[in-house]
> 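My structure is below; once you've seen it, I'll send some questions.
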Amino acid sequence: MKFGVVVFPGSNCDNDTLHAVRDVFEQEAEFLWHKDHDLKGSDCIILPGGFSYGDYLRSGAIARFSPLMQEVKEFALKGGIVLGICNGFQVLLELGLLPGAMMRNKNLKFLCQHVYLRIENKDTPFTQAGHEGQVLRIPIAHFDGNYYTDRKGLKELERNQQIVLRYTNEEGYLTEEANVNGSLDHCAGLMNKAGNVLGMMPHPERASEAILGSRDGRLIFQSIINYIHHT
Amino acid sequence: MSEKTIIDEQTIKEHNLTLDEYALIQELIGREPNLTELGIFSLMWSEHCSYKSSKVHLKKLPVTGKNVIQGPGENAGIIDIGEGLVAVFKIESHNHPSFIEPYQGAATGVGGILRDIFTMGARPIAAMNSLRFGPLDIPKNRSIMDGVVSGIAGYGNSFGVPMVGGDVYFNDCYSLNPLVNAFCLGLAEKDKIFYARAEGFDNAVLYVGSKTGRDGIHGATMASAEFGEDLEEKRPNVQVGDPFKEKLLLEACLEVMDQGLVVGIQDMGAAGLTCSTTEMAANAGTGIEIDLDLVPQREEGMTPYEIMLSESQERMLIVAEEDKVERVQEVFAKWDLDAVRIGRVTEGGRLHVKWHGETVVEIPVDSVVNLCPAYNREYSPPSPPQPIIENTTISTPQNYKEVFLKLLTSPTIANKEWVFRQYDHMVQTNTAFLPGADASLLRIKDQKRALAITLDGNSLYTYLEPRSGGKIAVAEACRNLACVGATPIGVTNCLNFGNPEKPEIMWQFKEVVEGVAEACQTFDIPVTGGNVSFYNDTKGVSIHPTPVLGIVGMVDDIDKAVSPGFKEEGHIILLLGENKDELGASEYLRWVLREEKGRTPQIDLDYEKRVHQVCLDAIDQELLFSAHDISEGGLAVCAVECAFLSPTNMGCSLDLRSDLRPDVLLFGETQSRILVTISDKNLEAVLALAEKHKVTAAVLGTTGGDTFKISVNDLSIFEVPVLEAYNAWKQAIPEYFKVR
Amino acid sequence: MKIRVLVSYKDSVLDPQGQTVKNALHTLNYDCVKDVRQGKVFELELEEVSPEKVEEVIPEIAHTVLANPIIEKFEWQVIEE
Amino acid sequence: MKIRVLVSYKDSVLDPQGQTVKNALHTLNYDCVKDVRQGKVFELELEEVSPEKVEEVIPEIAHTVLANPIIEKFEWQVIEE
Ligand SMILES: Nc1ncnc2c1ncn2[C@@H]1O[C@H](COP(=O)(O)OP(=O)(O)O)[C@@H](O)[C@H]1O
Ligand SMILES: [Mg+2]
C-alpha cells in the first residue's frame, strides 16, 4: 500500500512520519506538496504534526486553504483513509472534515510528555489491531489540544462512537489529572461519522520504535496497513 | 557622500567607541567616517562582535585535534564524526534581550543559534539551553523565567528542533541579569559544508528571508554595555522572532545547498547586513558592493544607517554564481521567501554601499573585521579574597530528613519538568533519553552510534574559585557524558561575565579560561567555538562569573547506553571515586544555611579522567544498569535522583562507612564521583576495572523498597518514603507558579 | 480604508486566558475587575474598494478566515475611511 | 462598566501573524487587503469604580499587565457604562 504525507510550510513532523511508515513499516510512502493537486495514488493520506503556517491565526487555520486540501477533501468524502496527527488533526477540524475545534491547553502551556490513551472503539481502520479498553502510551506535543464541541455535537459523537481514543491514566481510568490538556470528554482521537478520517493529538510516529521508549504507536499504523490490505 | 553629520565626541561615545579607537578608524580609512560608517565600526568593534577584551585569553583554549574540521571563528564549530558525517555545534548568549523582553529575547536567541548551525549546511538536530535566574520568590524573576521558557518553547517547538536538555540555576546575582544561553547541534554531510566566504569576483550577492525593519538597531552594542538607569530608553531594541519564517529559511537554504547553488553563506544575526557583508568579504579576501535600494524593506523611509545596522531576524546573505541565481530564486519562491540580488563580489577588499544612487559607505573590510584593537585589560584578584569557611563553624543538622527534603526544594536541584515539558523534546524522533538523564542521547538514524550532549556550569564554584570552577565545569560536563557511555569529542562554551573594564572581573575571566583550557587539555577535547558575554552587570552589580560548557560526546553503540534511574530491586549501589571533607560552595550551604562561602571542591583532573574511564569501560562491557554523576546536593541527592528516575520510584538503602561528618558525607560536593548500579555477578568485574584505573570504588548499598534510607557507620541518619521526597522535588518549581 | 475586526470566544465557551489575566489582576489587588475576556483584533488596510464591497467582503473574510465560527464570534467596524 | 483594551505591536515591530494572515488572504484572492496587523483585545468588566478611578486604573493595568510596552502599544475605551 502507499502512504502520502502532506507537507505544509511549517510542518515539522513530516520527516518523522515518513520515516515511520516507510522505514519502520517498510511501506511505500511519499511526500505530497501542499501546492500540488496530486495525491500520487496514495491509499492513506497523513497530515503530519508541526506548525503549519506557524500556527498563526489559529492552529491549522491557514493550511486548510492549501490547494492540495481540495483533493484531500474529495478523497476523504469518497471514503479514502485520512489520518491527521496533532497539527494534522487541527487542520482536519478547520477543514470541517471533523467536527469541533481546538482550544489552548487548560494550563495555557505547551505540553510535551507521554500520555496514556484508551482505545474506545476498535472497529475502525485506525485501531482494529487493538482491543477495546487497551491502554497505549504515546507522547503528545502541542499547545492547542483542548478539544471542544457543543453539547449537541458531543451527544452525536457519543452516539456514533466517534471518540476513538481517550486520555486516561496508566490503568485506563478517566481521571481529571490524566486529561492533561482539558479536552472535552477526554477526547484524544476523533473520527468522522463515516469512519474513514481520524484526527489524534498524540504522535504515533514518536512511539513506533523501542529506542524512543514506546512502540505503542505502531498499533495505529499497523491497523491502517491491515485495513488497506483487506479492502 | 550623504549624511554629512559632524561626528563629535558625544556621537563617538554614543557608539561605544573610545577616542583612541575613533582615531584609529580615521587612520584606517584615511579620512573622517560618515555616520553610517561610524555605525558599522561601532557594531563590528563592539565587544560582542570583536572580542576585544577576551581575545588574548581565549587564545589559551586548545582548539586543535585530529577530527576538528572547523575551530573557533566561523558561525559554528565542526567535528568529523566519521562515516561521512560532521557534527556542527555552537552556544550563544542572549542575556540582555531576555531581560528586557523575556519572551522575544529568548525566542530570538534560539533563532540566532539555529541559523548559526544551518548556515553551515547542517540540519539542526537538537538544542539545549542554559538558564540562570534570580530567586523565584520574587515575582519579577518568575515572570522573567516564565517568559524566557515560553519564548524558547515558542521558537524551538515551531521550528521543529527538539529542545532536549539544559540546565537551570538560581542565584540572587541573576535577579537583574538573567542568563539565557542557547546551544544547538546539527548534522551535515562532510562534503556539503558551507562557509561565510564571498568568493569569486562578480558573483552575485543575494539577500534572502525576511524583510528589513528598524529592529534592534544597536543590539550588538547594547550587549556590550552595562545597563544603567537609562534602561527604559534602550528598550525598543528588541526584535520579534518569526519561527515560521526561520523554518522556511532552513528548508530553502538546505535545498539550495544540496543542489550546489551556493558559494558562500552567512546568517544575519547581531549586526545584520554589516556583519555578513564585511565578514564574508574579509574571510575570502574580496570586497562586496551592495545597493541598499534593493534590500527588501518592511518600513518606509529607512536610512542607510538603519538598513545597515538593523538586526531584523530570519535573514541570510548568499553568494552565488551568476548562472545559478535564477535557480536559487526558484527554490526560495517555492518556500514563499524573497531572494533578491542586492550586489556583487568585487576585487580590492572594500565594502561599497550605494543608496539612492550615491555611495554611502566605502571602507576596507579588513579594517572593520580584523583590525579592531585587542586589549589586554588589567586584572587583579578581589581584595579581600573570598572568605574561607571552616567546617567547624558550620552547625550540623538537627533533623537530617527535614534538611534533606528542604534541599530537594532548592529550585537549582528540584525537578525541571515545569521547564522541559514546555519544550518539544521529541520531534525528529531521535531523542533516545528524554530530559532528566545526565546527558541527552540522540540516535543517528540507520546507525548504531549516537550523539550525547550536555551543558554545565556551576557559577558558585567559579565565583568562589574561578580557576577551579572552570576546571570543574568541564569535568562535570564530561562526567555527565561518561555516565551515559559517551566519549567527549568537542566543546563549545559560553562565558558570561561582568564588566571587563573592572580588574577583578577580568581576573575572574582569565582564571576561568585558564581552568577551562587546562581541563580541555587533560581530557583532550578541542574547543570549537563559543561566545563571550561581558557587561552582565546591572546597576553596578556583576553576576557571578558563569561559564557554560556545552560538550558533545559519541556513543559507539546506542544499545549499550546507560541512564541514571535505578532499574531493578536488589542491585548493588557502587560509588566510583572518593568522598572527601569538602562542604564549601555546596548547594546545601547556599540553600539550607544561606552561606555562599567556602572553598570549592578541589579537583584532580587526572583522577577525574580515570573515573570516567572506569565508567565508560564498564558501560562498554555492559556491566552497569545505571550511572549518575554526583553534583549539586552531593551523594544523597544523587542517590535519590536515581530513585526518582527509576520506573517505579524504587527506593534504596545506603549503608555508608566513613570518618567524615554525616552532613559533609551526604551533602558535600566532592568531584570525580559517579554512582552506579550493578548486579552481584558483575561486582568483581567492575571492581577490577576500578583497580586497573586506580580509582576507589565502594559498595554503598542496594536498591529496592519504597523508602530512601541512609545510615552511616551503622547509625541510621534518616529514612523517608521515596514518594514523599519525590513530591517535594517535583512540586518545588511548579509551586512558585501556582495561581494564588 | 481601515477596518477593525474583533474576534472573541462565544459567551458559551470558557475563556481560560481571560481567566488567567483576571487572576493575575487580582493578585495585583485590582479587585474592581470582575471579569476578563480575551480575544483577537485584526486591523485590515483595504484599497480600492467601494463601501458596498466592504460590507460584503469583511463578513466573509471574518467568517471564513479570521474567526472559527464553532467557538468564536466577531464584530467589525470601519476605523478610517 | 465594560472596558475594551486593544493591544497591538508598535508600528515598527514585525508582526509575523498579521503578515501570514495577509498572505493567506491573498491566496484566497482578497487582493484588496493591503495590510493586516493582528493584536489582542481584552474586555474587562469593572465594578464599583468611579470614572476617575477608571481613567487611572486602566492605563496602569494595560501598561503593566496587558501590554508589553517595549514592543506593544495599547488603546482603550468604555464600551458599556
Ligand atoms: N533549561 C533546560 N532545558 C531543558 N532541560 C533542562 C533544562 N534545565 C534542566 N533540564 C533537564 O533537567 C535535568 C536535570 O537538570 P540539572 O539538575 O541541571 O542536572 P545536572 O546538573 O545533573 O546535569 C537534565 O536532564 C536537564 O537536561
Ligand atoms: Mg550532572
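Chain A is the first sequence line, chain B the second, and so forth, proteins listed ahead of strands; every chain is numbered from 1. Reckoned from all heavy atoms, side chains included, excluding hydrogens, waters and symmetry mates.
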> Enter the distance from C:Met1:CE to D:Cys32:SG here, rounded to the nearest 0.5 Å.
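SG of D:Cys32 is found 8.5 Å from CE of C:Met1.
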> Just list the side-chain donor-acceptor pairs under 3.5 Å for residues 5-14 of chain C, sequence neighbours left out, or say none.
from	atom 1	to	atom 2	distance (Å)
C:Lys10	NZ	C:Pro69	O	2.7
C:Lys10	NZ	C:Ile70	O	3.3
C:Asp11	OD1	C:Lys73	NZ	3.4

> Would you please go through residues 54-61 of chain C and name the residues with a non-hydrogen atom below 4.5 Å from one of chain D, in numerical order?
C:Val57, C:Glu60, C:Ile61
> Contact part of D:Leu28 toward chain C, heavy-atom cut-off under 4.5 Å: side chain, backbone, both or neither?
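For D:Leu28, side-chain heavy atoms alone lie under 4.5 Å from chain C.
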> With only heavy atoms counted, which part of D:Val21 is less than 4.5 Å from chain C, the side chain, the backbone, both or neither?
side chain
> Tell me whether the count of non-hydrogen atoms from other residues, nucleotides or ligands lying under 6.0 Å of CD in D:Glu48 goes above 12.
no
> Taking side chain as C-beta onward, heavy atoms only, is D:Lys40 less than 4.5 Å from C:Lys40?
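Not in contact.
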> Answer with side chain, backbone, both or neither: which region of D:Val49 has an atom nearer than 4.5 Å to a non-hydrogen atom of chain C?
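Contact with chain C: side chain only.
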> Run the salt bridge (charged side-chain N to carboxylate O under 4.0 Å, His left out) test against D:Glu43 and tell me which residues pass, sequence neighbours left out.
D:Arg4
> Using non-hydrogen atoms only, which part of D:Leu25 is less than 4.5 Å away from chain C: side chain, backbone, both, or neither?
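Looking at D:Leu25, just its side chain touches chain C.
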> Might you confirm whether atom NE2 of D:His63 has over 12 heavy atoms from other residues, nucleotides or ligands at distances under 6.0 Å?
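Atom NE2 in D:His63 is not crowded, with 12 or fewer foreign heavy atoms closer than 6.0 Å.
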> Please classify the contact between C:Val65 and chain D as side chain, backbone, both or neither, with a heavy-atom cut-off of under 4.5 Å.
side chain
> Can you tell me which portion of C:Phe42 sits under 4.5 Å from chain D's heavy atoms? Options are side chain, backbone, both or neither.
both
> What residue, out of D:Val36, D:Val41, D:Val33, has the most heavy-atom pairs lying under 4.5 Å from chain C?
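The option with the most such pairs is D:Val41.
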> Name all pairs fulfilling the salt bridge (Lys or Arg N to Asp or Glu O under 4.0 Å) condition that reach into residues 19-38 of chain D, sequence neighbours left out, sorted by first residue then second.
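As it turns out, there is no salt bridge (Lys or Arg N to Asp or Glu O under 4.0 Å) pair with a partner in residues 19-38 of chain D once direct neighbours are skipped.
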